[in-house]
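The structure appears below as structure tokens.
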Amino acid sequence: MLGPVSSVASRARRQARRRRRLALVAVLLVLFIGGELIHQVANAARPADRLTDASWIASVAPIIGEAGTLNSSIGYIETHATSIGRPALSLALSALDAYGATELDDVTKASLTPPSAAARTDLLQTFTTRLLALHSFSDGVKNAIDTGAVATSIADFARAAREEIRAQSQYRRFLTTVAKVDGHLQIPSVDLVSPVQIFHTTTLSSFAQLLVATPSLRSAPRLVIAVVSMNPLPEVIPTTTSTTIATTTTTPTRHHRPGSTTTTTLATTSGKRRTRTTTTTTTTTTTTLPPTSPFPSGVGPSVYAPTRSVHPIVVVRNSGNVTATQVQIVATLADRSITSAPISTLLPGHSIFVELHSLAVDTAAMTACQVSTLRHDRCSSLMISLHSGGVTVAHHAISVAFYVP
């Protein structure tokens, strides 16, 4: 009775074991296939990530490479500062600071995704510190030539050297950070401190003393009022003069020239022939122009037609070796005055054309003209004052005259 039952149970157990083995194989197969898919996805993503990282490195590599070229500019300033003159030296320092700021701005605005946030932070810190070093170097030069303070200048240079070394350390950290992400990325190696030791303590100390000892680098501000005129332009009034010319001639004729006065003297010569001596007086009328010009020189008054207002025109030139700041022009005519908008900076050797706003013409506040040859009624002076930093540095006056209708 038990034989058939035992055979059926044994067969059921074998089928159950077979089903478990098939299920295990199916699970292993699914896991294997899933692993392969994950591996393939990872392998497919890695080249894309590398491409993104390489693109970011390619975008900042030129900026990094050009950072090292600033060392040659600093070296040039140290070598030629005393020969190029103060204006050129000031321009070189301004360009140095501006270039450092542009580098930092370019790195900040890099739009591609960096290999890591730490890599971008390290590079930004590098260029931020480098900009501080450039500012400190410029401050050292300016303190030497502006105030002659050698100790202050040396301290500025020492701070610049420390900041350069710190920037180099931050850049090395940036290289290490990128290498940890992907060691295949090619990044330029830059020596921000420079092998020629332009930031060496002894070099900078000697440089500061040389700057202070060079007279041509001393501050010599000089603003000049180059041209003064007004809009509308002055009129040109002609005057008439008469010139009398007397001539004496010997002539055999008794005729008188029309329009002339003739005096005849009878003389006896040693020969048989008699001659006549004639003196002729001729009057010539000449028209001349008074000394007026669109660019008055102060020799004679500039004459203007009746008008209610004028626009003073001034050309200011910086003939010194210092950049002028907050330059303003004040024009005064009789009891009225007007002030120009401030000119923020005017570089040495540069000029600027300024036409001021309307300046009222009050002839009642003017005096009667004393020049009889000019047909006008009221005279005054246009006074131009030049201010820089709140201090009057130049002034110029021209004579003007206005008709009164």
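Residue indices begin at 1 and follow the sequence shown.
Using a 4.5 Å heavy-atom threshold, the side chains of Gln170 and Asp122 count as separate. Taking the side chain as every heavy atom from C-beta outward, His135 and Glu163 never approach each other to under 4.5 Å. The shortest side-chain heavy-atom distance between Leu204 and Glu78 falls under the 4.5 Å cut-off. Between Leu93 and Ile77, some side-chain heavy-atom pair lies under the 4.5 Å cut-off. No side-chain heavy atom of Val227 sits under 4.5 Å from any side-chain heavy atom of Ile313. For the pair Tyr304/Leu233, no side-chain contact is recorded, criterion being any heavy-atom separation below 4.5 Å from C-beta on. At least one side-chain heavy atom of Val400 sits under 4.5 Å from a side-chain heavy atom of Met230. Side-chain contact between Ile74 and Leu134: present, with at least one pair of heavy atoms (C-beta onward) separated by less than 4.5 Å.
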Taking it one step at a time, do Leu333 and Ile338 satisfy side chain to side chain contact (heavy atoms under 4.5 Å, CB included)?
CA-CA 9 Å; Leu333 179 62; Ile338 189 173; over 6 Å; no
Would you sort out whether Ile398 and His396 count as a side chain to side chain contact (heavy atoms under 4.5 Å, CB included), showing the intermediate values?
CA-CA 7 Å; Ile398 61 172; His396 183 71; 3.6 Å; yes
Set out, in order, the CA-CA distance, both residues' side-chain angles and the distance that settles side chain to side chain contact (heavy atoms under 4.5 Å, CB included) for Ile145 and Leu89, then state yes or no.
CA-CA 10 Å; Ile145 64 179; Leu89 178 59; 4.3 Å; yes
List the steps and the verdict of salt bridge (charged side-chain N to carboxylate O under 4.0 Å, His left out) for Asp156 and Arg159.
CA-CA 5 Å; Asp156 290 332; Arg159 184 172 64 253; 3.0 Å; yes
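With hydrogens and angles left out, the side-chain atoms of Thr392 and His387 include a donor and acceptor closer than 3.5 Å. No hydrogens or angles considered: a donor-acceptor pair under 3.5 Å links the side chains of Asp97 and Ser138. Neither side chain, Asn143 nor Ser153, offers a donor N or O lying under 3.5 Å from an acceptor on the other.
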Between side-chain atoms of residues 350-364 and protein atoms elsewhere (two or more places apart, or another chain), which donor-acceptor pairs fall under 3.5 Å?
{"from": "Glu355", "atom 1": "OE2", "to": "Asn231", "atom 2": "ND2", "distance (Å)": "3.3"}
{"from": "Ser358", "atom 1": "OG", "to": "Ser309", "atom 2": "OG", "distance (Å)": "3.2"}
{"from": "Asp362", "atom 1": "OD1", "to": "Ala364", "atom 2": "N", "distance (Å)": "3.3"}

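With rounding to the nearest 0.5 Å, the separation of CZ in Phe402 from OG in Ser380 is 7.5 Å. The distance from the CZ atom of Phe174 to the CG atom of Leu123 is 4.5 Å, given to the nearest 0.5 Å. Remark: Thr108 OG1 to Phe127 CZ distance equals 10.0 Å, nearest 0.5 Å. Going from atom CZ of Arg166 over to atom OG1 of Thr128 covers 9.5 Å, rounded to the nearest 0.5 Å. Annotation: the span from Leu386 atom CG to Ile329 atom CD1 amounts to 6.0 Å, rounded to 0.5 Å.
No donor-acceptor pair closer than 3.5 Å links the side chain of Arg172 to the backbone N or O of Ala167. Of the possible donor and acceptor atoms, none in the side chain of Thr79 sits under 3.5 Å from a partner among the backbone N and O of Tyr76. Side chain of Ser337 to backbone of Thr332: no donor-acceptor contact under 3.5 angstrom is found. Panel note: side chain Ser136, backbone Phe157; no donor-acceptor pair is recorded below 3.5 Å. In terms of modelled atom types and a separation under 3.5 Å, the side chain of Thr214 and the main chain of Leu217 share no donor-acceptor contact.
A side chain to side chain contact (heavy atoms under 4.5 Å, CB included) with Pro87 holds for exactly one of Thr323, Asn321, Asn318; it is Asn321. Val141 pairs in a side chain to side chain contact (heavy atoms under 4.5 Å, CB included) with only one of the listed residues (Asp146, Leu96, Leu211), which is Leu211.
Across all non-hydrogen atoms, the minimal contact from Glu103 to Ile63 is O-CG2, 3.9 Å. Nearest approach of Met366 to Ala334, heavy atoms of both residues: CG-CB, 4.2 Å. When all heavy atoms of Pro221 and Val322 are compared, the pair lying nearest together is N-CG2, 4.1 Å. Taking all atoms of both residues into account, the shortest heavy-atom contact from Ala324 to Ser388 is CB-OG, 4.2 Å. The two residues Arg86 and Ser219 come nearest to each other via the heavy atoms NH1-N, 3.4 Å. Residues Ala133 and Ala160 share a closest heavy-atom pair of O-CB, 3.4 Å.
Within a 6.0 Å radius of CZ in Arg218, other residues, nucleotides and ligands contribute more than 12 heavy atoms.
Ion pairing between a basic and an acidic side chain is recognised when a charged N comes within 4.0 Å of a carboxylate O; Glu164 and Arg130 show such pairing.
Take Thr339 and apply the side-chain contact (heavy atoms from CB on, under 4.5 Å) test, not counting sequence neighbours, and it matches Gln328, Val330.
Classification of the Phe207-Phe137 ring pair by plane angle, with boundaries at 30° and 60°, yields parallel.
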